[in-house]
Amino acid sequence: MNALKLKKGSTSHSAYNLRPTFSDTIEQHTLAVVVDNEAGVLARVIGLFSGRGYNIESLTVAEVDHTGKRSRITIVTRGTPQVIEQIKAQLGRIVPVHQVNDLTVEGPTVERELALIKVAGDGDKRVEALRLADIFRAKVVDSTLSSFTFELTGTPDKIDAFAELMRPLGLAELARTGVAALSRGEG
Amino acid sequence: MARQMSGAKMVVQALRDQGVDTVFGYPGGAVLPIYDEIFQQNDIRHILVRHEQAAVHAAEGYARSTGKPGVALVTSGPGATNAVTGLTDALMDSIPLIVLSGQVPTFMIGTDGFQEADTVGITRPCTKHNWLVQDTEDLPRLLHAAFHVATSGRPGPVLVDIPKDVQFATGTYTPKPKASEFRYQPPVKGDMEEITELVAALETAKKPVFYTGGGVINSGPAASQLLRELVEATGAPITSTLMGLGAYPASGDKWLGMLGMHGLYEANMAMHDCDLMICVGARFDDRITGRTDAFSPHSVKAHIDIDPSSINKIIHVDFPIVGDVAHVLEDLLRVWKARGRKMDREALAKWWQRIEGWKTKNCLAYRNSETIIKPQYALERLEALTKGMDRYITTEVGQHQMWAAQFLHFDDPNRWMTSGGLGTMGYGFPASVGVQQAHPGALVINVAGEASWLMNMQEMGTAMQYGLPVKQFILNNERLGMVRQWQQLLHGERYSSSWSESLPDFVKLAEAFGAKGIQCSDPADLDDAIMEMINYDGPVIFDCLVEKHENCFPMIPSGKAHNEMLLGDASTEGAIQAGGAVLV
Ligand SMILES: Cc1cc2nc3c(=O)[nH]c(=O)nc-3n(C[C@H](O)[C@H](O)[C@H](O)COP(=O)(O)OP(=O)(O)OC[C@H]3O[C@@H](n4cnc5c(N)ncnc54)[C@H](O)[C@@H]3O)c2cc1C
Ligand SMILES: Cc1ncc(C[n+]2csc(CCOP(=O)(O)OP(=O)(O)O)c2C)c(N)n1
């Protein structure tokens, strides 16, 4: 369990806040869901969101414990506090789900996303793209005489900002992984 | 004791190890190896239904009336898709089922093979969980897990999809593990701090009410027993949803009757005016709450439920308690007793006075007739003539279902089987088959509307083949009565397609199957006809010709508050001034 770096004590049940504040404010939450890596588990999670009309802003999934066959799904979702609580409770009810952690309420988190950004252009625009990439610490992973492909890691906001800057400079293609997130500190 | 055997043999062995005595099913190519094994043994009885939907409803009836999980077996493709309505029904009503489906062999999956359907994909949203078995070695583990998941926590239907090659191949059978060996372990004990806070609230409540539901039945007989003890000891009034009828006896003096859209006036008024609502295994369904922002506006609310997602889903509660009803009620009673069995008896007496006032409205009153059988009268007579018998009731969906809930009384749990959450017309007949199979000597009656009944009428064949003496008590109004009522009240009396045209002659229909048919249209003959039905040793279709345009009251129109209930004119006569809030 510790290998997965999840908070101690936050079992799939204690993660629920059964006394949520009721309001109409839309909040964004990052949820970490540990699941048995069995066939169809991702379809179950996605089906829950589409079937009950919840939003998915971003979703990433990969096996994180090969021996235990566990995967970690990181979901960024939006909704009122009640809806967020329902989402967590509904996720917790899925049989192969081990844990649901609401990283947003469990304290400070580190969130990172990876993006590949292809920018095509020449002359001043090309120079400017390279200069900005340097400021953002984006790496050039492929280049031709008329294009660059950058690799950039950072918060979703940082990637948004970089993509916006590249748009007038010839942004041709953008691929993003979605957010991976962990809570800060020891456990 | 691990043993080598074929997948098909494993299925039968696992069912045996799980204590299964009956399987409802229908064969086809993709389950032939399993049928072959069933043929070669005598421990498990297979009931051949006439449609896979009926197999699942029969398994539901079996499960609800015994407290054990029901089992159904269907073939791939159309067999599995026919099971979808039953699965959804069981999911909505939290009924534990294990449905086994055949599948094309693993090497053909994805090729649009003959009778291939993506069964796990199709049934994912209508099961609690499902698996496609890829390897015979996994089969015993998954079969045992299916029983564990279906019956633990909030019960529900589980489907195991078994490709034909997995049935033929040999593997190692592993016996039923201990329940504690599974990872899936929903908690059953409630939080003691919350329970203690609730006890404190109960001690000082002036107008408490227990609002109980299907979760009490799901929890088992101990839960009903503890509920009775709690209600008697505290003296607080109790109402129940459609799904919870029988958990507290209808003959008990704290009983207010069913609540909700077609619930009793006193039950709904008590919910609206209470100061402490204790919800026990119910889920604040929209048939209960009416307009949510006007739902019991001045009460403190507690909710005991095993599924955290039921809590705060619709209604914000003050005391959320996640746990199994029996476990939580046991702790609640213990704490309340230890703290001195306190209640505000004086306030409670006043609260009962108000409730007695509401009762005088006599909300179930109807105008009887000497010439036409009123559906309510038919049910009153059925109740009177079957009282004290070892009786189980199933229903179809519609007005007759609501009248049955109002006019039949249940003193024990597991005696009332109805499709609440999904409202599946066609549920009642196959469910009655399942109940009768589980309780061979009992009187099993399906209270039906003629339209619903026709939806699974092919099950007459099953009832006859297995000598299941189910009584089909059809309140025949020649209308899709519930639809007609809504059209009358809410759609300007435009009766769009709500007639039952071209009905069969039900007596001849019964005879065509070799069963008994009885028709009755005169109130004076009704008692004799009902007795004839009860005393006949075999399946009966009872065609009770009733008033065609009777409406089911009380009724809270959708989107209205509890105190905006419509009452029938028989009960509002002279009473309108008394309750100014009642809209008629
Ligand atoms: C035509 C029609 C009209 C209807 N009108 C009415 C009406 O007037 N009144 C009415 O009441 N209903 C009515 N219904 C039924 C209604 O739609 C719902 O099915 C019903 O109200 C739900 O009952 P429930 O709240 O008891 O929940 P159920 O569906 O029985 O759910 C049980 C709840 O208990 C929980 N639970 C399960 N097991 C346990 C356990 N061991 N321990 C603790 N908790 C547990 C579950 O998580 C769930 O939250 C009508 C249906 C139809 C078809
Ligand atoms: C499978 C299905 N289709 C449609 C409905 C909608 N519906 C609810 S009640 C009803 C009419 C039922 O008529 P009947 O069985 O004769 O009973 P009555 O209301 O007349 O007592 C209908 C069509 C449903 N509940 N289930």
Is the count of non-hydrogen atoms from other residues, nucleotides or ligands lying under 6.0 Å from [X] atom [atom1] greater than 12?
X	atom1	value
B/Asp135	CG	yes
A/Lys158	NZ	yes
A/Glu173	CD	no
B/Asp293	CG	yes

Separation of B/Asp307 CG from A/Gln90 CD (nearest 0.5 Å): 7.0 Å
Could you measure the distance from the CZ atom of B/Arg124 to the CG atom of A/Leu48? Nearest 0.5 Å is fine. 12.5 Å
Given side chain to side chain contact (heavy atoms under 4.5 Å, CB included), test A/His98 with B/Arg183 step by step and report yes or no. CA-CA 9 Å; A/His98 287 239; B/Arg183 187 193 62 76; 2.9 Å; yes
Side chain, backbone, both or neither: which part of B/Val120 has an atom under 4.5 Å from a heavy atom of chain A? neither
Between B/Ser309 and A/Gln86, the two heavy atoms sitting closest are O-NE2, 2.6 Å
4.5 Å side-chain heavy-atom contact, B/Pro308 and A/Lys88: no
Measure the shortest side-chain to side-chain distance between B/His129 and A/Arg44 over non-hydrogen atoms and say whether it is less than 4.5 angstrom. yes
Pick from A/Gly51, A/Gly40, A/Pro96 with the largest number of heavy-atom pairs that fall under 4.5 Å of chain B: A/Pro96
